[in-house]
Engineer: 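Okay, handing you the structure first.
Every value quoted in this text rests on a predicted model; they were computed, and no experiment measured them.
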Amino acid sequence: MCGPLRGVGGAPDTLVAMTARSVRRSPLPPEWRPSRAVVRRSSGTWTLQSTLHRHGLGPVAGVDEAGRGACAGPLVVAACVLRPGDARRLDGLTDSKLLTPAARDEYYDLIVRRCADSAVVVIPPAEIDRRGVHVANIEGMRRAVAALVTPPGYVLTDGFAVRGFGRPALAVPKGDQAAACVAAASVLAKVTRDRIMVELHAELPQYGFDAHKGYCTPVHDAALAAHGPSAVHRYSFVNVRAAVGGSSALVHNDNHRNGEGGPGDVPPDLGGMQQ
């Protein structure tokens, strides 16, 4: 016998579909709704991580980088997962740029010793030139999270949204000051990169990398004018290209929206240092 397909209880499947749509549109009863998580910035840098853990979304990884605006040396990206009960042991942890070098070193040793998991990715200047600093940064964040021994339940990034972690992620405004795990990642990245630049100073003392760490300063500009760029300089940066008096067909940040960063991966302001 031919006829329309029947749904549950003999109702036509069109009626079943209409019923399903009406159920989806109906508000859930109060007892079925998940509780809302309210996070207040004033509650401290561990609040966001603690809230995510409390709702079963841990472990929480913070991600940050060092050296994005430098015109020499690598870009270093770190991911870090802190133990939920270590707030007192890491009291005072904040954005690495706000800490003295001595305090950064102390926190670095403490974070390495106490953290539940961490990973550091070093991206060389040649890769930065080839891909553009923003795309290299985004890819470095993905690689750092993927390198964690235990996949995190949630990822917090500093300032701008990043996709492609394979798990939920949240961009936190001033994340290295608002979320302890992001601050920890910033310390790991900053100290690692500073130590690399000190090692490069031993090989190339004429540039003064031990002082300015590859960032654009009058001393660094004078060294570029006197000696020209080295193999560890980023030739995609306008001041480095100017030092050799030419241009090159390299990937630049203004192409990121059509590149590997993907739509929605909005780069931070680079201060006009890279085209």
Side-chain angles (χ1 to χ4, degrees), residues 64-78 95-97 99-102 104-105 108 120-144 158-160 186-261 265-275:
D64 204 4
E65 87 290 321
R68 185 174 55 209
C71 64
L75 176 68
V76 178
V77 184
D95 176 7
S96 61
K97 296 184 292 295
L99 299 170
T100 66
R104 279 198 299 266
D105 285 339
Y108 177 91
V120 177
V121 173
V122 179
I123 303 170
E127 183 176 345
I128 297 169
D129 285 340
R130 185 175 71 253
R131 310 184 77 172
V133 69
H134 177 67
V135 173
N137 185 26
I138 295 297
E139 181 58 25
M141 291 181 173
R142 293 168 181 154
R143 286 159 54 187
D158 181 18
F160 59 97
S186 78
V187 169
L188 294 180
K190 172 70 172 168
V191 172
T192 298
R193 188 178 186 278
D194 283 356
R195 291 175 180 178
I196 290 172
M197 297 309 296
V198 170
E199 292 175 0
L200 288 175
H201 173 74
E203 301 175 17
L204 301 164
Q206 66 269 32
Y207 295 104
F209 289 147
D210 62 330
H212 53 68
K213 305 300 189 293
Y215 286 90
C216 305
T217 66
V219 171
H220 194 180
D221 287 341
L224 275 172
H227 306 288
S230 71
V232 301
H233 278 88
R234 303 176 185 176
Y235 286 78
S236 54
F237 278 61
V238 292
N239 62 325
V240 176
R241 289 206 309 279
V244 294
S247 61
S248 56
L250 296 168
V251 176
H252 305 304
N253 264 358
D254 55 2
N255 296 325
H256 82 278
R257 284 185 174 82
N258 297 318
E260 296 176 57
D265 289 341
V266 180
D269 181 15
L270 294 176
M273 289 312 302
Q274 190 179 30
Q275 292 183 342

Engineer: Any idea which heavy atoms bring I196 and V76 closest together, and the distance?
Structural biologist: CD1-CG2, 4.4 Å

Engineer: Could you tell me which residues satisfy side chain to side chain contact (heavy atoms under 4.5 Å, CB included) with A78, sequence neighbours excluded, listed by chain and number?
Structural biologist: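 Per chain and number, A78 pairs via side chain to side chain contact (heavy atoms under 4.5 Å, CB included) with V120, A185, L188, A189.
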
Engineer: Got a list of side-chain donor-acceptor pairs under 3.5 Å for residues 225-232, not counting sequence neighbours?
Structural biologist:
from	atom 1	to	atom 2	distance (Å)
S230	OG	V232	N	3.2
S230	OG	H233	ND1	2.9

Engineer: With a 4.5 Å limit on heavy-atom distance, are the side chains of I138 and F160 in contact?
Structural biologist: yes

Engineer: Would you mind listing every side chain to side chain donor-acceptor pair (under 3.5 Å) that reaches into residues 207-216, with sequence neighbours excluded?
Structural biologist: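 Sorted pair list: H201-D210.
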
Engineer: Whether R143 and E127 form a salt bridge (side-chain N of Lys/Arg under 4.0 Å from carboxylate O of Asp/Glu) is what I want to check.
Structural biologist: yes

Engineer: Can any side-chain N or O of S186 pair as donor or acceptor with the backbone N or O of S96 at less than 3.5 Å?
Structural biologist: yes

Engineer: Please report the interatomic distance CG(N137) to CZ(R142), rounded to the nearest 0.5 Å.
Structural biologist: 10.5 Å

Engineer: Short question: side chain of D129, backbone of Y235 - any donor-acceptor pair under 3.5 Å?
Structural biologist: yes

Engineer: Just how far is it from atom SG of C71 to atom CG of D221, taken to the nearest 0.5 Å?
Structural biologist: 7.0 Å

Engineer: Please list all pairs passing the salt bridge (Lys or Arg N to Asp or Glu O under 4.0 Å) test where one or both residues lie in residues 192-205, with sequence neighbours left out.
Structural biologist: R104-D194, D105-R195, K190-D194

Engineer: If you take all heavy atoms of F209 and L200, which pair is closest and at what distance?
Structural biologist: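 Scanning both residues completely, I find the closest heavy atoms to be CD1-CB, 3.9 Å.
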
Engineer: Kindly say whether P74 contributes a backbone atom to a donor-acceptor pair with the side chain of R234 at under 3.5 angstrom?
Structural biologist: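 Looks like yes, one N/O pair under 3.5 Å.
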
Engineer: Ignoring hydrogens, what is the shortest heavy-atom contact between V77 and E65? Give both atom names and the distance.
Structural biologist: CG2-CB, 3.9 Å

